[in-house]
Amino acid sequence: MTRWSRFNIISVALGFAFLYLPIVLLVVFSFNESRLVTVWAGFSTKWYVALFNNQGLMDAAWVTIRVALLSATIATVLGTMAALSLVRFTRFRGRMLFSGMVYAPLVMPEVITGLSLLLLFVAIGFDRGFWTVTLAHITLTMCFVAVVVQSRLLSFDRSVEEAALDLGATPLRTFFEVTLPIIAPAVFSGWVLAFTLSLDDLVIASFTSGPGATTLPMKIYSQVRLGVTPEINAACTLLIALVTVGVIIASIVTKRRELQRQRDEHAAFAGR
């Protein structure tokens with residue numbers, strides 16, 4: 001059993017404090033009575049009421065949620081297809097180019113991605129707005145879904161699919177009834193990751209947004225330059241809560257799927 005030294009414990013504690021203490025302070029001061037965000041004057045929820053009465057922030061939040069839901073869903077479908085292509089079809093012409101194009105947004109600075117997409121939309125005459133932000137977020141998040149799903153497919157037991165095919169199932173039916181349920185936790189995790197990245201994005205959305213498509217991070221950033229208000233703390237706290245709930249749900253679903261898979265395997269071995 002490894003024993004931690006006092007230095008290791010202090011280092012880990014300082015590291016976690018550096019990461020999470022600012023978030024804790026933000027959440028605490030979102031319930032502050034005072035308008036001064038650094039002076040505690042008592043507990044109050046009035047800034048949450050003020051947030052929901054702030055039409056500008058609510059419109060930006062609605063745009064952000066719609067973009068995140070749509071882009072995460074499409075990115076999950078495309079990322080899953082890309083992962084299947086890379087894992088199941090190991091030899092085809094242009095595989096290296098295709099792999100590089102799929103994973104390029106992972107290493108490409110967001111400034112370059114946003115600027116290149118802006119130049120593309122301007123060149124083809126596509127008016128910037130809701131759909132340009134959505135397309136940009138699909139481009140950004142699809143590669144993350146592909147990485148998550150590909151890692152699950154690499155450890156996938158192909159004999160289950162082969163058994164379904166031997167019993168007369170078509171490849172399409174085998175995918176939807178055998179493959180997809182097994183990789184569903186990875187697909188759902190990829191969707192949650194894509195949704196979170198879309199909620200968080202500021203740089204790419206700033207390049208590709210237009211009239212009527214201001215996202216919540218853009219709105220918050222424009223207001224922070226004039227000073228932090230308790231309403232912004234409340235909005236950030238709700239975003240933190242939304243992402244936390246999504247991560248918890250994804251963890252629970254993944255855990256239950258894994259336990260169910262283990263029970264099914266034990267039942268299959270017991271029935272032999």
Side-chain angles (χ1 to χ4, degrees), residues 1-52 54 57 60-61 64-65 67-69 72 106-107 109-111 137 140-141 143-145 147-148 151 185-186 188-206 215-256 258:
M1 181 177 180
T2 303
R3 298 183 60 182
W4 283 38
S5 66
R6 181 177 299 179
F7 174 78
N8 290 337
I9 294 175
I10 294 175
S11 299
V12 172
L14 290 176
F16 277 110
F18 178 78
L19 291 173
Y20 295 106
L21 187 58
I23 299 177
V24 173
L25 291 176
L26 183 148
V27 173
V28 170
F29 278 98
S30 69
F31 296 98
N32 189 11
E33 174 71 25
S34 173
R35 188 170 185 82
L36 299 175
V37 295
T38 58
V39 178
W40 181 258
F43 181 85
S44 176
T45 58
K46 68 178 184 180
W47 299 115
Y48 288 88
V49 177
L51 170 64
F52 287 107
N54 189 323
L57 284 175
T64 302
I65 292 175
V67 169
L69 288 172
L106 282 171
V107 297
E110 290 190 6
V111 173
H137 284 186
L140 171 67
T141 58
C143 58
F144 292 91
V145 178
V147 170
V148 174
S151 64
F188 183 69
S189 299
W191 185 91
V192 172
L193 179 59
F195 181 80
T196 304
L197 290 171
S198 179
L199 284 180
D200 178 66
D201 177 66
L202 170 65
V203 177
I204 294 178
S206 299
T215 62
L216 188 58
M218 294 172 58
K219 187 71 174 179
I220 291 175
Y221 179 72
S222 64
Q223 292 190 5
V224 165
R225 288 185 297 178
L226 302 177
V228 180
T229 64
E231 293 178 7
I232 295 178
N233 287 347
C236 294
T237 300
L238 291 178
L239 279 177
I240 293 171
L242 179 63
V243 172
T244 302
V245 170
V247 171
I248 292 174
I249 293 175
S251 300
I252 293 174
V253 170
T254 303
K255 185 65 175 178
R256 288 184 175 179
E258 182 64 22

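Values reported hereafter were calculated over all heavy atoms of this structure, with side chains retained and with hydrogens, waters and symmetry mates removed. Numbers for residues simply follow the sequence, beginning at 1.
Not one N or O on the side chain of S198 forms a donor-acceptor pair closer than 3.5 Å with the backbone of A194.
To the nearest 0.5 angstrom, N54 atom CG is 11.5 Å from W47 atom CH2. Going from atom CG of D201 over to atom OG1 of T64 covers 10.0 Å, rounded to the nearest 0.5 Å. Taken to the nearest 0.5 Å, the CD1 atom of I232 stands 7.0 Å off from the CG atom of L57. L14 contributes atom CG, which lies 12.0 Å from atom CD1 of I9 (distance to the nearest 0.5 angstrom). Rounding to the nearest 0.5 Å gives a distance of 8.5 Å between CG of N32 and NZ of K46. Atom-to-atom distance recorded for L238:CG and F52:CZ is 5.5 Å, nearest 0.5 angstrom.
Residues E33 and A41 come closest through the heavy atom pair CB-O, 3.6 Å. Shortest non-hydrogen contact noted between I220 and A235 is CD1-CB, 4.4 Å. Among all heavy-atom pairs drawn from A17 and P22, the shortest one is O-CD, 3.7 Å. Considering every non-hydrogen atom in both I204 and E110, the closest pair reads CG1-O, 3.7 Å.
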Checking side-chain contact (heavy atoms from CB on, under 4.5 Å) for the pair F43/V28: CA distance, chi angles, key distance, verdict? CA-CA 9 Å; F43 181 85; V28 170; over 6 Å; no
Using the rule given for side-chain contact (heavy atoms from CB on, under 4.5 Å), can you reason through L106 versus F144, listing the C-alpha separation, both sets of side-chain angles and the distance that settles it, and then say yes or no? CA-CA 7 Å; L106 282 171; F144 292 91; 3.3 Å; yes
Show the numbers, then the answer: is there a side-chain contact (heavy atoms from CB on, under 4.5 Å) between L193 and T141? CA-CA 8 Å; L193 179 59; T141 58; over 6 Å; no
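The side-chain hydrogen bond (donor to acceptor under 3.5 Å, both in side chains) contacts involving residues 233-252 comprise S30-T237, where partners must be two or more places apart or lie in separate chains.
Proximity of F195 to L69: side-chain heavy atoms (C-beta onward) are separated by under 4.5 Å at one or more points.
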